Amino acid sequence: MTAEAILETEGLTKEFRGFVAVRNVALRVEPNTIHALIGPNGAGKTTCFNLLTKFLTPSAGRIVFKGRDITAARPSDIARMGLVRSFQISAVFGHLTALENVRIALQRQRGQSFDFWRSERTLDRYNGRARELLEAVGLEDYADAQAVELPYGRKRALEIATTIALDPELMLLDEPMAGMGHEDVARIADLIRTVAKGRTVLMVEHNLGVVADLSDTITVLARGEVLAEGDYARVSADPAVRSAYMGTED
Amino acid sequence: MASATGQIGTAAAASRAPVHQYVAFAVMVLLLVAAPFAIYPIFIMKVLCFALFACAFNLLIGYVGLLSFGHAAFLGAAGYITGHAAKVWGLTPELAIVAGVATSAVLGLVVGALAIRRQGIYFAMITLALAQMLYFFCLQAPFTGGEDGIQAIPRGRLFGLIDLSDMMTLYVVVVIIFLAGFLLIYRTIHSPFGQVLKAIRENEPRAVSLGYDVDRYKLVAFVLSAALSGLAGATKVLVFQLASLTDVHWAMSGEVVLMALVGGLGTIFGPVAGAVVIISLQNYLAQLGAWVTVVQGVIFVLCVLAFRRGIMGELGRLLKRPF
């Protein structure tokens, strides 16, 4: 725990018209770890996540990424700094092919380009890398399929391929296993483990069981506040966590 | 599973290898060559101006997902400026058109910058409100001629050399302008920039999370669309030798929505087909008077209820190829 944290928050608070969704959260994400943020329904996980990714503005507190204060940054700015998020509802570009989905992320390397006079063929040089990324998530046979036609689990895989195409230092995954069958959960868990090599992952999950052997560190949120933090053994033994999770732990 | 992937494969292959689109384009050019020998050229030129206008509008709604309800402003403003430039300043037609297009582009920059801060219906309402402001400006401003509009606009000599008062010469020039605008839109859709636009249409928050500054992409698309609408308006004014309030009226903004919808939103050739259908109806049903509006309303309802993809959208689905 001597290493510099990649992402750190101080007194992070979000109020919605008097209702405090997230209260005074201090989070510390160590580099090259898988960190899970879990909690029962309404614990403020998603709010917290949206604060970290700048989709919401905090009412108070500070967010520091790689030693830089990003509290006032815009969502597209932090993406360019190397902090890339996924979405709870699988976020793919439905009427583009799987290959094009990944390529959209890869062509970001060209910067903000407004070259409407240039041919699409300019992008062909990214096809090789895009196919590699699709292969990495087991989608090589679906390169030319429209994303909207892929089954749910494969959409999630495509989303992860698109995210790692940006080669982010920190990936934030919003309930990557939500709404999935058992075999898909195992596959996505494997996938997360694979892509986490050499980078940091912060994921929000509903179920403690799902993140048990995936995460290095688990932070439990309840009613907007940090309830417990540590590895699975420590967190699952915590009586406060057990009571917060009564009936939902499986 | 094998059959499912096979099916997916063909649909995607079609989106990549647009041979059928080249064929469709060739058919369109051949029709344009043959048409003036069978149909009154002024009518075809009118259709072409509206087709270009509808294509420019479709660039926004079909490929960025932005519904502008004030596009008449760009059509009409360019028309007034081109008319004024040709008649009062005595500019040659190409310079008058450039002046009109530049006006629409600047207007597009202002309207776009204000409107893209809002989403969905609010975006549409802001474009409508600003377009109405322009309408009242055109009604009151001295140079627009108010209710009379600008009449007897000279067609002049293109580059000071080619006399546009000859009908066939004018026709060729209008066809070239239309094809150039059409091809520019086609290229935009199939450019790296167009890829990002489609990504924004499909999932805006995701495009943001990948680091794209979506507002700037939307603004560039909006300005492009406004400028091309202006090109349509400027050309139309030279064809009819008249710039009038009709072109800045909100009903014109509604008409272009109808054209794009009937032809097929987000298709390449749809807006052209839509313009042909709507302008033909207006022309051939003109003796019905006010009933034309009723017929248009019925078509609109039928489109929304029965064939939502529009003419080219449904055709594309039948042939499993996007047009």
Side-chain angles (χ1 to χ4, degrees), chain A residues 53-55 74-87 89-101 103-123 126 141-151 159 162-163 165-166 168 172, chain B residues 1-2 4-18 59 62-65 183-225 227-228 265-266 322:
Chain A
T53 52
K54 311 309 308 157
F55 276 66
R74 289 181 311 164
S76 55
D77 294 336
I78 59 159
R80 292 195 285 272
M81 289 167 63
L83 190 162
V84 181
R85 70 169 290 178
S86 76
F87 290 80
I89 309 150
S90 139
V92 293
F93 303 117
H95 293 96
L96 300 180
T97 66
L99 186 81
E100 286 173 320
N101 263 268
R103 223 171 49 180
I104 290 286
L106 289 172
Q107 76 177 82
R108 237 275 324 284
Q109 298 163 3
R110 308 172 71 236
Q112 305 281 348
S113 53
F114 302 95
D115 42 358
F116 56 83
W117 55 88
R118 215 165 262 147
S119 165
E120 215 164 20
R121 277 183 218 113
T122 326
L123 299 176
Y126 298 117
D141 295 336
Y142 296 86
D144 294 326
Q146 298 253 305
V148 71
E149 296 174 46
L150 296 176
E159 195 189 335
T162 308
T163 306
L166 292 178
L172 287 99
Chain B
M1 197 57 174
T5 48
Q7 197 185 350
I8 289 170
T10 50
S15 79
R16 187 65 196 167
L59 177 63
Y63 294 93
V64 201
L183 289 173
L184 180 65
I185 291 169
Y186 182 86
R187 174 40 72 84
T188 303
I189 293 165
H190 293 96
S191 68
F193 172 71
Q195 279 284 316
V196 179
L197 291 185
K198 281 180 242 175
I200 293 171
R201 173 193 70 189
E202 293 295 320
N203 195 328
E204 185 174 336
R206 181 54 170 164
V208 171
S209 84
L210 292 179
Y212 286 106
D213 198 344
V214 298
D215 280 358
R216 279 172 64 198
Y217 280 85
K218 285 182 184 175
L219 185 58
V220 172
F222 197 93
V223 171
L224 261 177
S225 174
L228 286 160
L265 297 178

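Labels below follow one simple rule: chain letters A, B, ... track the order of the sequence lines, proteins then strands, and each chain is numbered from 1. None of these values were measured; they are calculated from a predicted model. Note: hydrogens, waters and symmetry copies are ignored here, and every other heavy atom, side chains too, is used.
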Looking at side-chain heavy atoms only, is the closest gap between B:Asp213 and A:Arg74 below 4.5 Å?
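Yes, their side chains come closer than 4.5 Å.
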
How far apart are the C-alpha atoms of A:Phe116 and B:Leu184, what are their side-chain angles, what is the distance that settles it, and do they pass the side-chain contact (heavy atoms from CB on, under 4.5 Å) test?
CA-CA 9 Å; A:Phe116 56 83; B:Leu184 180 65; 4.2 Å; yes

Please flag which part of A:Thr53 lies under 4.5 Å from any non-hydrogen atom of chain B: side chain, backbone, both or neither.
neither

So for A:Phe87, is it side chain, backbone, both, or neither that comes closer than 4.5 Å to the heavy atoms of chain B?
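Only the side chain of A:Phe87 comes within 4.5 Å of chain B.
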
Does the side-chain contact (heavy atoms from CB on, under 4.5 Å) test come out yes or no for A:Ser113 and B:Tyr217, once each step is laid out?
CA-CA 9 Å; A:Ser113 53; B:Tyr217 280 85; 4.2 Å; yes

Which atoms of [X] approach chain A - backbone, side chain, both or neither, heavy atom under 4.5 Å:
X: B:Arg201; value: side chain
X: B:Leu197; value: neither
X: B:Val220; value: side chain

Can you name the nearest heavy-atom pair linking B:Val208 to A:Phe55, along with the distance?
CG1-CZ, 4.0 Å

B:Gly211 versus A:Arg80, closest heavy-atom pair with distance:
O-NH1, 2.5 Å

I'd like to know which of A:Ile78, A:Val84, A:Leu123, A:Asn101 tops the heavy-atom pair count under 4.5 Å against chain B.
A:Leu123

Ranked by heavy-atom pairs below 4.5 Å to chain B, first place among A:Thr162, A:Asp77, A:Val148 goes to A:Thr162

One pair to check against side-chain contact (heavy atoms from CB on, under 4.5 Å): A:Glu120 and B:Gln195. What are the steps and the verdict?
CA-CA 8 Å; A:Glu120 215 164 20; B:Gln195 279 284 316; 2.8 Å; yes

If you round to the nearest 0.5 Å, how far is OG of B:Ser209 from CG of A:Leu166?
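OG of B:Ser209 is found 8.0 Å from CG of A:Leu166.
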
Just by distance, do the side chain of [X] and the backbone of [Y] share a donor-acceptor pair under 3.5 Å?
X: B:Tyr212; Y: A:Ala105; answer: no
X: B:Arg187; Y: A:Trp117; answer: yes
X: B:Arg206; Y: A:Glu159; answer: yes
X: A:Gln107; Y: B:Pro192; answer: yes

